[in-house]
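Bear in mind the structure is a predicted one, so any value in this text is a computation, not a measurement. Computed from heavy atoms alone, side chains included, the values below leave out hydrogens, waters and symmetry copies. Just follow the structure's listing: the first ligand is 1, and inside any ligand the first atom is 1.
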Amino acid sequence: VLEPDLPAFLSSVEGVVGATHVLTDPEVRAGHETDWTRRFVGRTPAVLRPGSVGEVQALVLLARRHQVSLVPQGGNTGLVGGATPLGGEVVLDLRRLDDLGPVDGPAGQVTVGAGVTLTALQDHAASAGLSFAVDLGARDTATVGGLVATNAGGLHVVRFGSMRAQVLGVEAVLGTGEVVRSNLTGLVKDNTGYDLPGLLCGSEGTLGVITSARVRLVPGVGPLLGALVGFASVTAAVEALPVLRSAPGLRALELMRAVDLRLVAGHLGIEPPLTPLPPAVVLLELEGPNDLVGALGAVLEALGPAVVASAVADGDRLAGLWRWREALPEVAAALGIVHKADVSLPVGALAAFEAAVETTIRAHSPSSTTLVYGHLGDGNLHVNVVGPGAADDGPVDAVLELVLELGGSVSAEHGVGRAKVAWAARQRGEVATTMLRAIKQALDPDGILNPGVVVG
Ligand SMILES: Cc1cc2nc3c(=O)[nH]c(=O)nc-3n(C[C@H](O)[C@H](O)[C@H](O)COP(=O)(O)OP(=O)(O)OC[C@H]3O[C@@H](n4cnc5c(N)ncnc54)[C@H](O)[C@@H]3O)c2cc1C
């Protein structure tokens, strides 16, 4: 058995990436050692910034030779501690892999580097009259590598599916040090065996370091119409789902609660978006070319008295509606260290979950503040608890227990990271966990990539 030899590893890495891309200054390292929620704080001896797939491969081979563990990191916006060097690992910052390949218009595809930000990918697609289907609040910082590695969801899953549905091909350096290139020509149909790009989606840096991805693009965004639709309760909003989901051109269906919107109003120093503010507010976004006003009118009419208030916006005013939804995670973070439960539930259990969740949390942490919002169209709620100390898992554990009782998932879109390993194992069962371990062993036999993440 080889012993880890960090000094030997560190003395070799400058020869691969150059001295300017080996960061050891404590102040520079600090931003890579703490996650966005500030709940996960690790320590790293160095942050390495490779600039090509060849450099990534050389670093992984060196790490293997010297038995040094690596944590791949993109924008560091992940919310489950998956990119935090909690065990003193070396951080691989992949943001220099920022090539934007030419948009293949006829195919509606593009190949981009893992370090490209979501905003840069969206802008690149838009410059060719197309768009990229995934969008989320951390768009300016989150990278393609991170989005693939976490199989990110976001605001338009109800229309286009999550990241896995967009990724056709992947290039990655496996834990063995080999480079895999799978379907980089972007074949839409390729049934030659196991779906390797799909396997790397959601692998959270545990199987390979993603260096680039071939993604599908969708038609450029048409005219948009947004609406806030108020309901007397979350139960009423959930009961309205069949009608809401049938709205023509639907591309977002988000849930917010009055109690949380009041916190946003206080934070932003503005009046709530509806007066009086109904207990549950759904943000609906529709995309043309249909008669959107007519389509929305038909939806509201079909819902009848279930709708207790509404506000409609298009053009520049649409961003004002989205501000309410996108400010919710910011407000939670401004209140203190955030404990996050990103869960999904069968539609039939959503209202029961929302009704029980605050009581469940208060039983463990009576003075905590809880914010609940999420992607209603996907059955995905984000429960944010502020108040308990960074190491106090009690309230979130109680929430996840409730989720499993109701047949849901302990991670809808943020991944397992280091935060949800035991819970994910419980949810998927022994046979599936053994399968995951076998895959990890095959692709990363020395366990040098993101140890402790996903399968523990
Ligand atoms: C305000 C806010 C809103 C958000 N909204 C959403 C949302 O709506 N939906 C959603 O799904 N997520 C959301 N997120 C979470 C986050 O943005 C996503 O998980 C995103 O995919 C992370 O990308 P990243 O580049 O920041 O990855 P990081 O945080 O750097 O890493 C995340 C994971 O991916 C691995 N990783 C990163 N790059 C690579 C690579 N090149 N190769 C292999 N592994 C890699 C890391 O090791 C880690 O396990 C939000 C976060 C914030 C802060």
Side-chain angles (χ1 to χ4, degrees), residues 31-32 34-38 40 42 47 50 53 56 60 69-86 89 91-98 112-121 134-157 162-164 170-175 200-213 252 254 325-334 338 340 342 344 373-375 378 380-382 384 411-420 443-444 449-454:
H32 298 266
T34 303
D35 80 324
W36 192 85
T37 65
R38 289 172 286 144
F40 301 98
V47 177
V53 60
V56 174
V60 173
S69 298
L70 304 172
V71 171
Q73 199 177 84
N76 199 16
T77 67
L79 301 171
V80 286
T84 314
L86 290 181
E89 298 88 353
V91 170
L92 274 195
D93 174 351
L94 297 150
R95 287 175 300 173
R96 286 181 66 218
L97 304 178
D98 58 357
V112 295
V116 167
T117 64
L118 177 54
T119 298
L121 172 55
V134 170
D135 192 22
L136 45 82
R139 58 184 75 79
D140 291 342
T141 316
T143 63
V144 168
L147 296 163
V148 176
T150 58
N151 182 29
L155 306 170
H156 304 313
V157 173
S162 60
M163 200 61 196
R164 191 175 278 129
V170 161
E171 178 188 73
V173 179
L174 303 177
L200 286 160
C201 281
S203 61
E204 298 186 50
T206 62
L207 304 179
V209 181
I210 294 152
T211 48
S212 64
E254 300 287 308
R325 170 63 183 83
E326 297 209 322
L328 284 159
E330 290 166 26
V331 169
V338 189
K340 293 205 171 251
D342 152 48
S344 65
Y373 50 83
H375 312 298
D378 317 326
N380 177 189
L381 294 179
H382 296 311
N384 293 251
S411 174
E413 59 174 10
H414 293 167
V416 176
R418 289 179 171 79
K420 307 283 183 316
L443 303 190
D444 180 21
L449 291 184
N450 244 356
V453 170
V454 179

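Counting only heavy atoms of the protein, atom 47 (O) of ligand 1 lies nearest to Pro72 O, 2.6 Å. The closest protein non-hydrogen atom to atom 12 (N) of ligand 1 is His414 CD2, 3.6 Å. With respect to atom 29 (O) of ligand 1, the closest heavy atom belonging to the protein is Gly78 N, 2.7 Å. For atom 22 (C) of ligand 1, the closest non-hydrogen atom on the protein side is Thr77 OG1, 3.4 Å. Scanning the protein for heavy atoms near atom 31 (O) of ligand 1, the closest one is Ala83 CB, 3.6 Å. Scanning all protein heavy atoms for the shortest distance to atom 42 (N) of ligand 1 gives Ile210 N, 2.8 Å. Of all protein heavy atoms, the one closest to atom 32 (C) of ligand 1 is Thr150 CG2, 3.7 Å. Looking only at protein heavy atoms, the nearest one to atom 52 (C) of ligand 1 is Ala138 CB, 3.6 Å.
Within the listing of ligand 1, atoms 41 (N) sit less than 4.0 angstrom from a heavy atom of Ala114. Atoms of ligand 1 found under 4.0 Å from any heavy atom of Leu136, numbered from 1 in the order shown, are 5 (N), 6 (C), 7 (C), 8 (O), 9 (N), 10 (C), 12 (N), 13 (C), 17 (O). Of all atoms in ligand 1, listed by their number and element, those nearer than 4.0 Å to a heavy atom of Gly205 are 43 (C), 44 (N). Taking every heavy atom of Ala152 and a limit of under 4.0 angstrom, the matching atoms of ligand 1 come to 11 (O), 21 (O). For ligand 1, the atoms sitting less than 4.0 Å from at least one non-hydrogen atom of Glu204 are 47 (O), 49 (O), numbered in the order shown with element in parentheses. The distance from ligand 1 to the heavy atoms of Gly146 drops below 4.0 Å at these ligand atoms: 21 (O), 23 (O), 24 (P), 25 (O), 27 (O), 37 (C), 38 (N).
Residue contacts with ligand 1: Val71 is excluded, as none of its non-hydrogen atoms falls under 4.0 Å. Remark: distances from the non-hydrogen atoms of Val453 to ligand 1 are all 4.0 Å or more. Close to ligand 1: Gly208, with a non-hydrogen atom less than 4.0 angstrom away.
Residue Asn76 has at least one N or O atom closer than 3.5 Å to an N or O atom of ligand 1. In terms of polar-atom proximity, Gly82 is counted as a contact of ligand 1, with an N or O under 3.5 Å from an N or O of the ligand. Remark: ligand 1 and Val209 share no N or O pair separated by less than 3.5 Å (distance only, no angle test). When only interatomic distances are considered, the shortest N/O to N/O separation between Trp36 and ligand 1 does not fall below 3.5 Å. Considering backbone and side-chain atoms together, Thr143 places an N or O closer than 3.5 Å to an N or O of ligand 1. Among the atoms of Glu413, some N or O lies under 3.5 angstrom from an N or O of ligand 1. Among the atoms of Gly75, some N or O lies under 3.5 angstrom from an N or O of ligand 1.
Across the listed options Pro85, Ala149, Gly145, Ala149 owns the non-hydrogen atom lying nearest to atom 34 (O) of ligand 1.
Counting only distance, with no hydrogens or angles, the side chain of Gln73 and the backbone of His32 share a donor-acceptor pair below 3.5 Å. Listed for the Arg418 side chain is a donor-acceptor partner under 3.5 Å among the backbone atoms of Gly82. The backbone N or O of Ala333 lies less than 3.5 Å from a partner atom in the side chain of Arg38, making a donor-acceptor pair. When atom types are taken as modelled, the side chain of Asn76 and the backbone of Gly31 share a donor-acceptor pair closer than 3.5 angstrom. With hydrogens and angles ignored, the 3.5 Å screen pairs a side-chain donor or acceptor of Asn151 with a backbone N or O of Arg164.
At a threshold of 4.5 Å between non-hydrogen side-chain atoms, the residues Val53 and Glu171 count as touching. Considering only heavy atoms from C-beta on, Leu207 stays 4.5 Å or farther from Asp444 through its side chain. Annotation: side chain of Pro451 is in contact with side chain of Glu89 (closest heavy-atom distance under 4.5 Å). Asn384 has its side chain within reach of Tyr373: a pair of non-hydrogen atoms, C-beta onward, lies under 4.5 Å apart.
Using modelled atom types, one finds no donor on one side chain facing an acceptor on the other under 3.5 Å when comparing Thr206 with Asn450. Under 3.5 Å, the side chains of Asp35 and Thr84 contain no donor-acceptor pair of N or O atoms.
Counting heavy atoms closer than 4.0 Å to ligand 1, residue His375 contributes side-chain atoms (C-beta onward) but none from N, CA, C or O. With a 4.0 Å heavy-atom cut-off, ligand 1 is reached by no atom of Leu155. When non-hydrogen atoms are compared, ligand 1 lies under 4.0 Å from the backbone of Ala142 as well as from its side chain.
Ring pair His382/His414 is parallel by interplanar angle, where below 30° counts as parallel and above 60° as perpendicular.
With Leu94 as the fixed residue, the side-chain contact (heavy atoms from CB on, under 4.5 Å) test singles out one of Thr211, Val56, Val144, Thr143: Val56. Screening Leu155, Val157, Leu136 for a side-chain contact (heavy atoms from CB on, under 4.5 Å) with His375, the sole residue that qualifies is Leu155.
A distance of 10.0 Å separates CD in Glu326 from CG in Leu328, rounded to the nearest 0.5 Å. Rounded to the nearest 0.5 Å, atoms NZ (Lys420) and CG (Asp342) are 7.5 Å apart.
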